[in-house]
Amino acid sequence: MAHIGEEMKNKQVIFRDYVRGFPKESDFIITSATIRLKLPQGSNGVLLKTLYLSCDPYMRMLMQSQSATNSYSPGSLIYGFGVAKVLESAHSGFNEGDLVWGILKWEEYSVVEEPGKLIKIQHTDVPLSYYTGILGMPGITAYFGFHDICSPKKGEYVYVSAASGAVGQLVGQLAKLMGCYVVGSAGSKEKIELLKNKFGFDDVFNYKEEPDLNAALKRCFPEGIDIYFENVGGKTLDAVLLNMRPHGRIAVCGMISQYNIDQSEGVHNLMLLVVQRIRMEGFSAPDYFHLNAKFLEAMLPYIREGKISYVEDTVHGLESGPTALIGLFSGRNIGKQVVAISTE
């Protein structure tokens with residue numbers, strides 16, 4: 001166990017250079033530095049021990065030089081959401097021993113000089129890794145994306161793409177709790193079985209086995225789609241637009257099919273937004289971080305009462321992180337991809 005003032009080896013993941021196409025393990029450098037477990041004099045920050053790191057599709061966008069958000073810097077640490085323990089604090093909002101989640105650098109120990117955006121974990125009767133997923137950014141994405149953007153009503157027809165992922169598995173279950181009819185798509189037999197047997201989707205299909213997505217959606221939704229939770233983009237979005245009902249809603253959470261191609265695929269059926277009076281809205285989880293207390297009030301009872309299931313795909317050790325991260329883009333993971341760093 002590490003002690004304050006002690007010098008420790010600090011494993012880190014460095015971003016090598018901007019990426020074109022699918023990311024590879026060689027795009028990252030696993031290295032080790034030495035860190036003294038002591039805040040610098042005059043610091044107003046916190047010293048953290050990393051417990052869990054989250055692998056999320058949005059991180060691919062940070063690997064390109066021209067990004068809608070701040071890109072990773074070649075030669076610097078990558079970062080993403082994670083869970084950590086406060087070893088030392090010079091900040092009035094945090095104490096030694098506090099557990100937090102938020103944006104963390106991919107290293108075993110970190111000094112965060114401006115920790116104001118870290119969210120303190122108050123409920124520890126659930127696995128701490130859940131704060132990378134169901135109780136963290138993906139959970140907030142699913143909950144507010146579905147309830148706030150989609151405005152669901154009982155009996156409506158809901159389609160979720162990438163339905164076995166960190167967000168999709170939750171959207172489907174939230175929709176079932178609302179009394180909706182829910183169909184999900186995924187890319188393997190194992191994921192399809194998970195959607196049907198564990199998450200309770202009404203119908204499912206493997207998009208890799210469907211030569212005609214429009215026909216697949218017509219088969220699953222003979223009366224059309226009221227709500228589409230968009231995780232994929234491209235050809236899937238085009239097919240969905242052909243099947244939306246009047247006054248349908250599309251919540252755009254991500255477009256993973258577009259992240260690794262140089263030229264984004266065009267969407268051809270956008271005129272149907274006008275014809276069918278469809279509302280399509282993009283959003284981002286940080287839009288709702290200020291409503292975290294409301295989110296926990298709703299989600300924690302679902303977990304405690306067994307009304308929502310959650311599946312994680314966990315690898316161990318920071319050195320396993322890059323492989324796990326790039327696996328997202330080939331569908332290697334089953335459920336929420338987590339990197340476990342330490343259980344302390």
Enquirer: Would you find a donor on one side and an acceptor on the other, under 3.5 Å apart, between the side chain of S185 and the backbone of S161?
Expert: no

Enquirer: Search all heavy atoms of M59 against all heavy atoms of G80 and return the closest pair with its distance.
Expert: CE-CA, 4.4 Å

Enquirer: Do side-chain atoms of D148 reach the backbone of G145 as a donor and acceptor pair under 3.5 angstrom?
Expert: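 No; zero donor-acceptor contacts below 3.5 Å.
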
Enquirer: For residues Y159 and Y228, establish whether the separation of their ring centroids is below 6.0 Å.
Expert: yes

Enquirer: Looking at V275, is its backbone amide N or carbonyl O close enough to the side chain of R277 to form a donor-acceptor pair, meaning the two atoms are under 3.5 Å apart?
Expert: yes

Enquirer: Could D238 and K235 be called an ion pair, given the rule that one side-chain N must be under 4.0 Å from one carboxylate O?
Expert: no

Enquirer: Membership question, hydrophobic clusters at under 4.5 Å side-chain separation (ILVMFWY): are V13 and I29 in the same one?
Expert: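 As far as the 4.5 Å side-chain criterion goes, V13 and I29 are not connected within one cluster.
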
Enquirer: Yes or no on side-chain hydrogen bond (donor to acceptor under 3.5 Å, both in side chains) for E113 and S43, after CA distance, side-chain angles and deciding distance?
Expert: CA-CA 7 Å; E113 286 294 355; S43 171; 2.9 Å; yes

Enquirer: Test side-chain hydrogen bond (donor to acceptor under 3.5 Å, both in side chains) on E25 and T323 and set out the steps.
Expert: CA-CA 6 Å; E25 288 181 48; T323 303; 3.2 Å; yes

Enquirer: To the nearest 0.5 Å, tell me how far L217 CG sits from D212 CG.
Expert: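 Nearest 0.5 Å value for the CG-CG distance: 9.0 Å.
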
Enquirer: Search all heavy atoms of N44 against all heavy atoms of A90 and return the closest pair with its distance.
Expert: OD1-O, 3.0 Å

Enquirer: Are E210 and N206 side-chain neighbours, meaning at least one heavy-atom pair lies under 4.5 Å?
Expert: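 No; the side chains remain at least 4.5 Å from each other.
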
Enquirer: Looking at K196 and V204, what are the two nearest heavy atoms and their distance?
Expert: CD-CG2, 4.0 Å

Enquirer: For F15, run the ring-ring contact (aromatic ring centres under 6.0 Å, His included) check against Y72, Y79, W106 and tell me which one passes.
Expert: Y72

Enquirer: Could you go through the side chain to side chain contact (heavy atoms under 4.5 Å, CB included) check for I308 and I134 one step at a time?
Expert: CA-CA 10 Å; I308 282 187; I134 186 171; 3.7 Å; yes

Enquirer: Under 4.0 Å between a side-chain nitrogen and a carboxylate oxygen: does that hold for R16 and D27?
Expert: no

Enquirer: Rounded to the nearest 0.5 Å, what separation is found between the OG atom of S129 and the CD atom of E312?
Expert: 3.5 Å

Enquirer: Once you measure the plane-to-plane angle for F283 and Y288, does it fall in the parallel (<30°), tilted (30-60°) or perpendicular (>60°) bin?
Expert: perpendicular

Enquirer: Measure the CG-CG distance between L242 and N269 for me, rounded to the nearest 0.5 Å.
Expert: 4.0 Å

Enquirer: I need the minimum non-hydrogen distance between I103 and L118, along with the two atoms involved.
Expert: O-CD2, 4.1 Å

Enquirer: Working note: D125 + R304, criterion salt bridge (Lys or Arg N to Asp or Glu O under 4.0 Å); need CA distance, chi angles, decisive distance, verdict.
Expert: CA-CA 9 Å; D125 60 321; R304 290 166 177 157; 2.7 Å; yes

Enquirer: Checking D202 side chain against V182 main chain: does a donor-acceptor pair fall under 3.5 Å?
Expert: yes

Enquirer: Would you confirm whether Q337, through its side chain, and L325, through its main-chain N or O, come within 3.5 Å as a donor-acceptor pair?
Expert: no

Enquirer: Among L104, I341, L99, which residue satisfies the side-chain contact (heavy atoms from CB on, under 4.5 Å) criterion with L51?
Expert: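 The option that passes is L99.
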
Enquirer: Taking the side chain as every heavy atom from C-beta outward, state whether E88 and L37 have any atom pair closer than 4.5 Å.
Expert: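 In short, these two side chains do not touch, never coming nearer than 4.5 Å.
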
Enquirer: Run the salt bridge (Lys or Arg N to Asp or Glu O under 4.0 Å) check on K11 and E319 step by step: do they pass?
Expert: CA-CA 8 Å; K11 207 173 288 178; E319 64 280 1; 3.1 Å; yes

Enquirer: Heavy atoms only: give me the nearest F146-P152 pair and the separation to one decimal.
Expert: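 Residues F146 and P152, closest heavy atoms: O-CD, 3.3 Å.
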
Enquirer: Using 4.0 Å as the upper bound for N to carboxylate O, is an ion pair formed by K191 and E193?
Expert: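 No salt bridge links E193 with K191.
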
Enquirer: Give the intermediate values and the outcome of side chain to side chain contact (heavy atoms under 4.5 Å, CB included) for residues V160 and N231.
Expert: CA-CA 8 Å; V160 185; N231 291 307; 4.2 Å; yes

Enquirer: Side chains of V112 and L48: closer than 4.5 Å at any heavy-atom pair?
Expert: yes

Enquirer: Are K38 and L47 close enough that some pair of their side-chain heavy atoms sits under 4.5 Å apart?
Expert: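 No, side chains not in contact.
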
Enquirer: Answer whether the closest heavy-atom distance between the side chains of R279 and I250 falls below 4.5 Å.
Expert: no

Enquirer: For the NZ atom on K120, are there more than 12 heavy atoms of other groups (residues, nucleotides or ligands in this structure) within a distance under 6.0 Å?
Expert: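 Enclosed: over 12 neighbouring heavy atoms sit under 6.0 Å from NZ of K120.
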
Enquirer: Is the shortest heavy-atom distance from the side chain of F22 to the side chain of S330 under 4.5 Å?
Expert: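 Sidechains of S330 and F22: no contact.
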
Enquirer: Distance-only, no hydrogens or angles: does the Q169 side chain make a donor-acceptor pair with backbone N or O of G165 under 3.5 Å?
Expert: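 A pair under 3.5 Å: yes.
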
Enquirer: Rounded to the nearest 0.5 Å, what separation is found between the NE2 atom of H147 and the CG atom of L174?
Expert: 4.5 Å

Enquirer: Give the cluster check for L272 versus V252: same hydrophobic cluster or not, with ILVMFWY residues linked at side-chain heavy-atom distances below 4.5 Å.
Expert: yes

Enquirer: If I take atom CD1 from residue I227 and atom CE from residue M178, how far apart are they, to the nearest 0.5 angstrom?
Expert: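 So the gap between those two atoms works out to 8.0 Å.
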
Enquirer: Taking R245 for its side chain and E223 for its backbone only, find out whether a donor-acceptor pair lies under 3.5 Å.
Expert: yes

Enquirer: If hydrophobic clusters are built from ILVMFWY residues whose side chains come within less than 4.5 Å, do F295 and Y302 share one?
Expert: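 Both belong to a single hydrophobic cluster.
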
Enquirer: Can you tell me if NZ on K189 sees more than 12 non-hydrogen neighbours from other groups inside 6.0 Å?
Expert: no

Enquirer: Quick one, S89 and V86 - any side-chain contact, counting heavy atoms below 4.5 Å?
Expert: yes

Enquirer: Are D56 and K336 within salt-bridge range, i.e. N to O under 4.0 Å?
Expert: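 Here D56 pairs with K336 in a salt bridge, since their nearest N and O are under 4.0 Å apart.
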
Enquirer: So does Y157 get a backbone contact from the side chain of D226, meaning a donor-acceptor N/O pair under 3.5 Å?
Expert: yes

Enquirer: Cation-pi check for F201 against K176: NZ or CZ below 6.0 Å from the six-membered ring centre and within 45 degrees of the axis, yes or no?
Expert: no

Enquirer: Any heavy-atom pair between the side chains of V126 and L300 that's under 4.5 Å?
Expert: yes

Enquirer: Is there a chain of hydrophobic side chains (I, L, V, M, F, W, Y, each step under 4.5 Å between heavy atoms) that links L177 to F229?
Expert: yes

Enquirer: Could you walk me through whether E156 and R249 pass the salt bridge (Lys or Arg N to Asp or Glu O under 4.0 Å) test, one step at a time?
Expert: CA-CA 11 Å; E156 289 193 312; R249 285 86 68 204; 2.5 Å; yes

Enquirer: Say whether L77 and Y58 are linked into one hydrophobic cluster, either directly or through other cluster members, by side-chain heavy-atom distances under 4.5 angstrom.
Expert: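 Different clusters: L77 never reaches Y58 through Ile, Leu, Val, Met, Phe, Trp or Tyr contacts under 4.5 Å.
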
Enquirer: Would you check if the side chain of N243 reaches a backbone N or O of V240 as a donor-acceptor pair within less than 3.5 Å?
Expert: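 No; zero donor-acceptor contacts below 3.5 Å.
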
Enquirer: Output the distance between atom CD1 (I225) and atom CE (M244), rounded to the nearest 0.5 Å.
Expert: 6.5 Å

Enquirer: Taking atom CD of E305 as the centre, report whether more than 12 heavy atoms of other residues, nucleotides or ligands fall under 6.0 Å from it.
Expert: yes

Enquirer: Identify the heavy atoms of E6 and M8 that sit nearest to each other, and give their distance.
Expert: OE2-SD, 3.5 Å

Enquirer: Distance-only, no hydrogens or angles: does the D203 side chain make a donor-acceptor pair with backbone N or O of C220 under 3.5 Å?
Expert: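 The answer is no, because no donor-acceptor pair under 3.5 Å joins these two groups.
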
